[in-house]
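Small disclaimer: the values here were computed from a predicted structure and weren't measured. Along the sequence shown, residues are numbered consecutively beginning with 1.
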Amino acid sequence: MIDVTTLRDEVHGQVLLPGDAGFDAACGGFQLLDPHRPDAVLAAADEHDVRVAVTFAADRGVPLAVQATGHGRNVGLDGGLLLSTGALTEVRVDPAARTAWVSAGATWRQVIDATAPYGLAPLSGSFPALGAVSYTLGGGIGLLSRRYGFAADHVRQLDVVTPDGRLRHATADTEPDLYWGLRGGGGNLGVVTGMRIGLLPVDRVHGGSLAFDVDKNPDVLAGWWRWTRTLPDEMTSAVGMLGYPDLPMFPAGLRGRNIAKLQLCWCGPAEAGERLIAPLRELGECVQDTVGELPYTESGSIFAEPERAHPYRSSPVLVSDLDADRLDALRRDATTASVLCVVGIRHLGGAMARPPQVPNAVGHRDAEYLVTVLSPVDSDPEAVTAVHRRLMAPWQPGAVGRPLNFSFGPLAPDQLRAGFEDGDGRRLAELRARFDPRQVLRPHHPVPTA
């Protein structure tokens with residue numbers, strides 16, 4: 001246990017111990033599997049509290065982890081201090097400069113709502129409830145990424161408290177190493193308290209999903225893949241496949257079926273988007289069609305991901321191409337697996353394949369597709385891991401890398417290294433040794449040690 005007496009005296013926020021009201025909720029977050037089990041939680045009220053927490057942990061050699069929404073946790077903290085930044089939710093928009101300042105605990109929903117009145121949008125993800133800062137530190141593949149690139153490519157400044165207790169303003173000019181490493185390298189170098197991001201002149205998109213019964217239309221995945229091969233950058237798309245339980249809470253056309261949803265987001269003229277999407281409707285009988293023009297504030301409806309916290313594991317891989325045989329095998333194996341498997345395939349390329357104006361740690365830009373299998377975990381994580389290993393085995397030969405933002409669960413050293421280009425991984429490890437030599441931080445998106 002740690003003595004939190006001095007911590008309580010110095011902070012504005014609340015210090016929670018096991019048994020206190022709110023302690024378990026702070027440790028769980030959105031991902032309920034492998035929750036943090038710290039000796040204490042500091043629910044930071046402001047940037048001052050973040051600096052106090054980092055200094056407190058560093059001075060005592062106490063491990064420190066940070067959590068706002070908790071979506072991407074790989075391994076929970078055992079002992080030490082958990083710093084919750086969920087209350088730091090300020091979003092300030094500068095419409096003339098087309099930028100927004102986003103504090104550490106703000107979600108994309110809060111950023112989208114703040115920027116929409118100015119006809120602007122952030123490079124947000126498919127799930128608006130996701131924490132904006134942690135998502136961006138891991139790179140950030142979103143609904144507009146084929147047109148505009150990774151979210152990390154649009155970061156102008158990061159305020160970060162490094163393990164020496166200093167608040168640093170990281171830009172290309174002031175702290176070039178921190179600025180490079182935090183954008184895509186995760187939170188290994190300090191605790192980010194906020195970021196300034198560029199905004200996009202987007203207020204409406206043409207999108208939604210087309211749902212097909214894959215048992216009756218087994219060629220849907222391969223048909224979507226062939227369709228993606230000649231797309232303009234304005235179209236970002238994906239496939240989500242899962243078996244819907246035969247329960248009345250689900251739409252009649254979906255329940256009791258293995259469904260593949262083609263998820264589409266077009267940021268050009270609506271008429272052109274409709275023409276481009278038309279061939280997908282010819283792939284078979286569409287049991288649900290939600291495609292249409294919608295304000296960006298409703299962009300979360302395209303993927304329509306569940307907002308209920310739950311325990312889960314996932315296994316992702318980045319690949320240079322798909323093929324019909326492996327897609328068909330994935331369809332068969334996922335729909336007959338012993339555990340529920342949610343398959344996700346995202347089309348990358350476009351602006352994501354091009355280097356940003358200022359280099360960052362986002363790697364594997366040559367990947368054209370991201371393949372992911374995710375499963376809820378009721379009781380046996382190892383059984384889920386075994387199923388994922390079998391489903392993903394055909395995709396490993398020739399794999400480009402592994403996206404850490406989509407990796408939920410413990411990572412082996414080789415899996416960790418696969419998150420970065422070789423040279424970038426070494427540089428990040430060197431920066432970690434420089435900024436956090438005692439490895440006080442326990443980040444969600446770790447890098448190999450030097």
Side-chain angles (χ1 to χ4, degrees), residues 29-31 65-75 85 102-108 111 122-145 148-155 158 160 170 178-195 197 238 303 305 312-318 344 346 348 351-352 356 358-365 367 370-372 374 400-411 415-421 424-425 427-429 431-432 441-448:
F30 189 88
Q31 157 67 298
V66 184
Q67 176 163 283
T69 62
H71 284 75
R73 183 177 57 250
N74 290 318
V75 178
T85 59
V102 181
S103 295
T107 65
W108 280 127
V111 182
L123 255 172
S124 53
S126 56
F127 187 38
L130 206 61
V133 168
S134 55
Y135 164 97
T136 303
L137 297 182
I141 298 172
L143 296 173
L144 304 171
S145 284
Y148 293 103
F150 291 90
D153 298 343
H154 294 259
V155 176
L158 296 126
V160 54
L178 276 174
Y179 184 62
W180 175 84
L182 289 170
R183 294 176 303 131
N188 297 272
L189 308 178
V191 180
V192 174
T193 61
M195 63 181 183
I197 58 173
F303 278 66
E305 293 163 305
Y312 49 88
R313 283 274 188 267
S314 77
S315 299
V317 65
L318 294 165
R346 299 194 183 215
L348 307 178
M352 286 180 280
V358 181
N360 58 36
V362 175
H364 307 308
R365 291 178 181 264
L370 163 61
V371 181
T372 305
L374 181 146
V400 173
R402 183 186 186 97
L404 297 186
N405 261 11
F406 290 82
S407 298
F408 305 139
L411 297 176
Q415 295 174 320
L416 200 52
R417 286 191 293 270
F420 307 97
E421 306 282 1
D424 290 348
R427 183 179 175 187
L428 285 166
L431 291 175
R432 176 80 187 278
L441 296 175
R442 300 292 190 270
H444 294 166
H445 300 295
V447 299

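A donor-acceptor pair under 3.5 Å links the side-chain atoms of Y135 to the main chain of G142, judged by distance alone. Side-chain atoms of E421 come within 3.5 Å of backbone atoms of H364 as a donor-acceptor pair (strictly under, hydrogens ignored). A donor-acceptor pair under 3.5 Å links the side-chain atoms of S314 to the main chain of F408, judged by distance alone. With T69 contributing its side chain and L130 its backbone, the two residues share no donor-acceptor pair below 3.5 Å. Within the 3.5 Å criterion, the main-chain N or O of A132 finds a donor-acceptor partner in the side chain of T136. Under a 3.5 Å cut-off, the side chain of N360 and the backbone N or O of Y179 do not form any donor-acceptor pair.
Within the 4.5 Å cutoff, side-chain heavy atoms of L404 are placed close to those of F420. Here the side chains of V317 and V400 are not in contact, with every heavy-atom distance at 4.5 Å or above. Side-chain contact check for P410 versus R313: some heavy-atom pair is nearer than 4.5 Å. By the 4.5 Å heavy-atom criterion applied to side chains, R427 and W180 are counted as neighbours. Two residues are said to be in side-chain contact when any heavy atoms from C-beta on lie closer than 4.5 Å; W108 and P122 meet this criterion. A heavy-atom distance below 4.5 Å is not found between the side chains of V111 and S124. In this structure, the side chains of N188 and L441 stay at 4.5 Å or more apart for every pair of heavy atoms. Counting only heavy atoms from C-beta outward, the side chains of V160 and T193 never approach each other to under 4.5 Å.
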Discussion item. Between I141 and F406, is the side-chain contact (heavy atoms from CB on, under 4.5 Å) condition met? List the steps.
Written reply: CA-CA 10 Å; I141 298 172; F406 290 82; 4.1 Å; yes

Item to complete: Please assess L370 against L348 for the test side-chain contact (heavy atoms from CB on, under 4.5 Å), listing each intermediate value before the final yes or no.
Response: CA-CA 7 Å; L370 163 61; L348 307 178; 4.2 Å; yes

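Considering all non-hydrogen atoms of both residues, S145 and A351 come closest at O-CB, 3.8 Å. In this structure, G105 and A68 approach most closely via the heavy-atom pair CA-CB, 4.1 Å. Counting all heavy atoms, side chain and backbone alike, A361 lies closest to G181 at CB-O, 4.1 Å. Of all the heavy atoms in S407 and P316, the pair that sits closest is OG-CG, 3.4 Å.
Taking a cutoff of 4.0 Å between a charged side-chain nitrogen and a carboxylate oxygen, D424 and R417 do not qualify as a salt bridge.
Taking R402 as the reference, nothing meets the salt bridge (charged side-chain N to carboxylate O under 4.0 Å, His left out) condition, with sequence neighbours excluded. The ring pair (Phe, Tyr, Trp, His ring centres under 6.0 Å) check on F127 picks up F30, H71, with sequence neighbours excluded.
Interatomic distance, CE of M195 versus NE2 of H154, reported as 12.0 Å (0.5 Å rounding). How far CG of D153 is from CE of M352: 10.0 Å, rounded to the nearest 0.5 Å. One finds the OG atom of S134 at 7.5 Å from the CG atom of N405 (value rounded to the nearest 0.5 Å).
Under the 3.5 Å distance criterion, with hydrogens and angles disregarded, a donor-acceptor pair is assigned to the side chains of S126 and R346.
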